[in-house]
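Read through the structure below, which is laid out as structure tokens, and then see the notes.
Count residues from 1 along the sequence. Each ligand, and each atom within it, is numbered from 1 in the order the structure gives.
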Amino acid sequence: MIRIRVLDGYNVIGGNKILVEGEEGCILLDFGINFASWNNYFEEFISPRAGLIVKDLLKLKLLPRIDIYRSDLTGSLDLPKLSKEIIFAFLSHAHMDHMGLVGLLREDIPILSTTETLALIVALSEINSEEKSRLIVDSRFPGSYPVREDVLIKPNQKGNKNPIKRRLIYFGDNGVSSLPLSIEDIENYFEEMNVENSFQAGLVEAKVLPVYHSVIGSASLYFTLSGIRILYTGDFRDSPLPEEEKILLDIGENRLKLANSTREMINSTKGKVDVLIVEGTRTKESHSIITEAMLYNNIYEEVKKHRSKLIIADFPFRHLERFHTFLKVAEETDRQFVVLPKDYIILNTLAEINSDWDFRRYLGHIRVYHQGKGSWKGWENSLLQGKIFNNPPIKEILIKPSEIEKSPGSYILNIGYYELPNLLDFSYETLRGAIYIHSNSEAYTEDQNIDFLRLLRWLRYFNIEPKGVREKNGSLEFDRIYHASGHISPEGLEALIEEINPDIIVPVHTEFPDWFLKRWDKKVRLNSDIILY
Ligand SMILES: [Zn+2]
């Protein structure tokens with residue numbers, strides 16, 4: 001028997017937490033934040049309380065009530081136990097709506113993922129330092145205050161540290177050595193589990209299959225539990241059409257290889273899937289829009305048009321592919337691409353994992369911005385002092401705003417919404433007529449609308465020309481020519497499901513499950529608790 005519990009992420013986009021229970025044990029698929037319900041209670045300045053986070057989230061029903069959380073965070077809470085142990089938790093990719101709560105999971109639940117995803121989670125959590133998504137954690141203990149004893153405090157002093165050792169299973173070549181951490185930290189915080197041992201101990205047969213999505217390292221999981229073959233897609237997008245393949249190959253062989261990974265996933269599973277757990281983000285759309293291959297040309301044309309102007313590029317950095325698009329454009333238009341120190345750390349980390357993404361072949365075209373701020377986080381400090389990632393020597397590629405001011409048309413500067421204050425480093429003259437390219441998602445929520453209006457206010461103040469987004473009579477318009485969706489088109493999804501031809505379809509990550517019902521009727525299961533076979 002198989003039981004599939006969609007603990008969260010049902011009839012909504014994001015927040016995937018799916019538990020598959022079989023005779024051998026349970027498998028947890030993703031453990032992300034459901035932003036739709038999260039944002040009902042929290043925003044930037046209202047968060048769950050650090051030492052009480054699990055209790056707080058359970059009370060608000062933002063976490064499933066089962067015994068899967070770090071013991072140091074649950075204390076005396078008595079949560080219902082699972083009938084069988086979790087064999088592993090699979091993280092499909094490093095987006096918050098899929099992995100944003102992984103830091104709360106019990107340390108002895110092995111985490112399975114691609115090396116890229118694990119390294120990204122470690123790097124991002126070190127940069128942003130949020131307890132809920134951190135893989136590296138120090139255990140907390142009850143405070144010794146007269147008022148409340150259940151408030152958990154974190155040891156601050158080095159000697160006091162009480163690391164929690166997590167168990168990691170990698171899919172990929174470079175194992176723990178690719179984590180952006182010192183050997184000492186790796187030894188303190190992680191226990192590496194051998195893929196072969198864990199899968200062949202008779203527990204479960206599983207395959208991590210890379211797919212094409214808007215973050216590097218994304219993957220699907222194909223596994224057999226209680227004799228049932230299950231494919232969990234995670235998030236993914238279409239493989240390129242033949243005419244796009246040529247463009248991708250021109251930008252780089254690694255681009256084509258990555259783009260074809262969805263195709264390969266389908267080829268290796270078609271006709272061999274009993275249960276398909278599949279995303280349906282774009283099922284409400286009636287037509288395909290721009291693809292990753294197409295936007296390269298749009299960005300190139302835009303940059304070429306404005307020879308003497310500074311270009312400001314706004315895109316998510318963990319979407320490494322997009323960075324390589326901009327880097328290629330920088331090379332072709334004879335500019336240098338300027339990244340922030342925190343992003344340079346991500347670039348180096350990913351280049352170490354997979355040499356396909358080594359940016360150093362464009363060395364003459366990459367610089368690291370010397371931000372005008374007075375305090376640096378641990379990693380930024382180590383980077384700027386040449387203690388990590390010092391090849392090429394960081395001193396040689398650091399660039400100050402004053403150098404950019406001498407020739408603004410020679411640079412593309414990567415600044416996103418949260419980095420807007422960096423614009424204050426430049427003179428009005430430098431920024432007047434500069435071009436801001438919005439190569440990022442549109443606004444979907446009211447909060448995001450407010451953020452965009454604020455972004456446009458910054459641009460207006462400095463007379464920077466926005467491309468890809470504008471304000472018209474108080475509302476926002478998006479051009480959709482510099483950004484491609486990370487999700488498969490409805491046409492692509494329909495073809496994929498026909499080709500894989502599963503017996504049972506479980507739609508997740510979608511607001512329109514009826515789309516599936518209309519097409520595959522009896523095969524589709526729309527409950528959040530499904531018992532099969
Ligand atoms: Zn995603």
Side-chain angles (χ1 to χ4, degrees), residues 6-18 28-39 89-102 111-125 128 130 132-133 171 208-221 231-239 258-259 261-262 265 276-285 289-292 295 315-323 346 350 416 439-445 448 483-490 492-493 496 506-512:
V6 184
L7 302 170
D8 197 0
Y10 176 70
N11 278 6
V12 70
I13 292 175
N16 287 26
K17 300 180 198 72
I18 302 155
L28 184 60
L29 303 171
D30 281 333
F31 208 65
I33 298 176
N34 176 344
F35 284 104
S37 47
W38 185 273
N39 291 340
F90 169 68
L91 300 181
S92 63
H93 62 287
H95 275 157
M96 292 302 278
D97 61 337
H98 289 257
M99 49 50 80
L101 296 171
V102 65
I111 292 186
L112 166 67
S113 197
T114 60
T115 46
E116 282 98 334
T117 294
L118 287 173
L120 262 179
I121 295 173
V122 171
L124 291 167
S125 69
N128 301 325
E130 287 194 330
K132 58 187 185 301
S133 54
F171 174 83
V208 176
L209 303 168
V211 286
Y212 191 33
H213 182 44
S214 49
V215 58
I216 196 87
S218 302
S220 299
L221 186 74
L231 174 63
Y232 169 58
T233 63
D235 286 357
F236 67 107
R237 59 177 158 186
D238 309 76
S239 285
L258 176 71
S261 51
T262 296
M265 180 274 280
L276 175 68
I277 306 173
V278 64
E279 74 125 311
T281 315
R282 283 175 62 194
T283 42
K284 67 172 170 182
E285 282 171 29
I289 41 174
I290 186 172
T291 65
E292 204 64 39
L295 63 83
F315 63 95
F317 226 87
R318 65 191 93 169
H319 191 351
L320 191 64
E321 215 197 338
R322 193 69 57 80
F323 162 72
I346 290 180
L350 293 170
S439 180
N440 217 327
S441 314
E442 298 178 20
Y444 295 107
T445 66
Q448 287 167 342
H483 180 64
S485 169
H487 300 279
I488 192 161
S489 62
L493 184 56
L496 172 142
V506 181
V508 292
H509 210 276
T510 182
E511 289 170 348
F512 299 90

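With Thr114 contributing its side chain and Gly217 its backbone, the two residues share a donor-acceptor pair below 3.5 Å.
Under the side chain to side chain donor-acceptor pair (under 3.5 Å) test applied with His95, the options His213, His319, Arg318 reduce to a single match, His213. For the side chain to side chain donor-acceptor pair (under 3.5 Å) with His487, the qualifying choice from Glu279, Arg237, Arg282 is Glu279, the only one to do so.
Counting only protein N, O or S atoms closer than 2.8 Å to the Zn ion (ligand 1) gives 4.
With a 4.5 Å cut-off on side-chain heavy atoms, Pro507 and Phe512 do not count as touching. Using a 4.5 Å heavy-atom cutoff, the side chains of Val102 and Ile111 are in contact.
Between Phe323 and Phe317, the two ring planes are tilted [angle within 30° to 60°].
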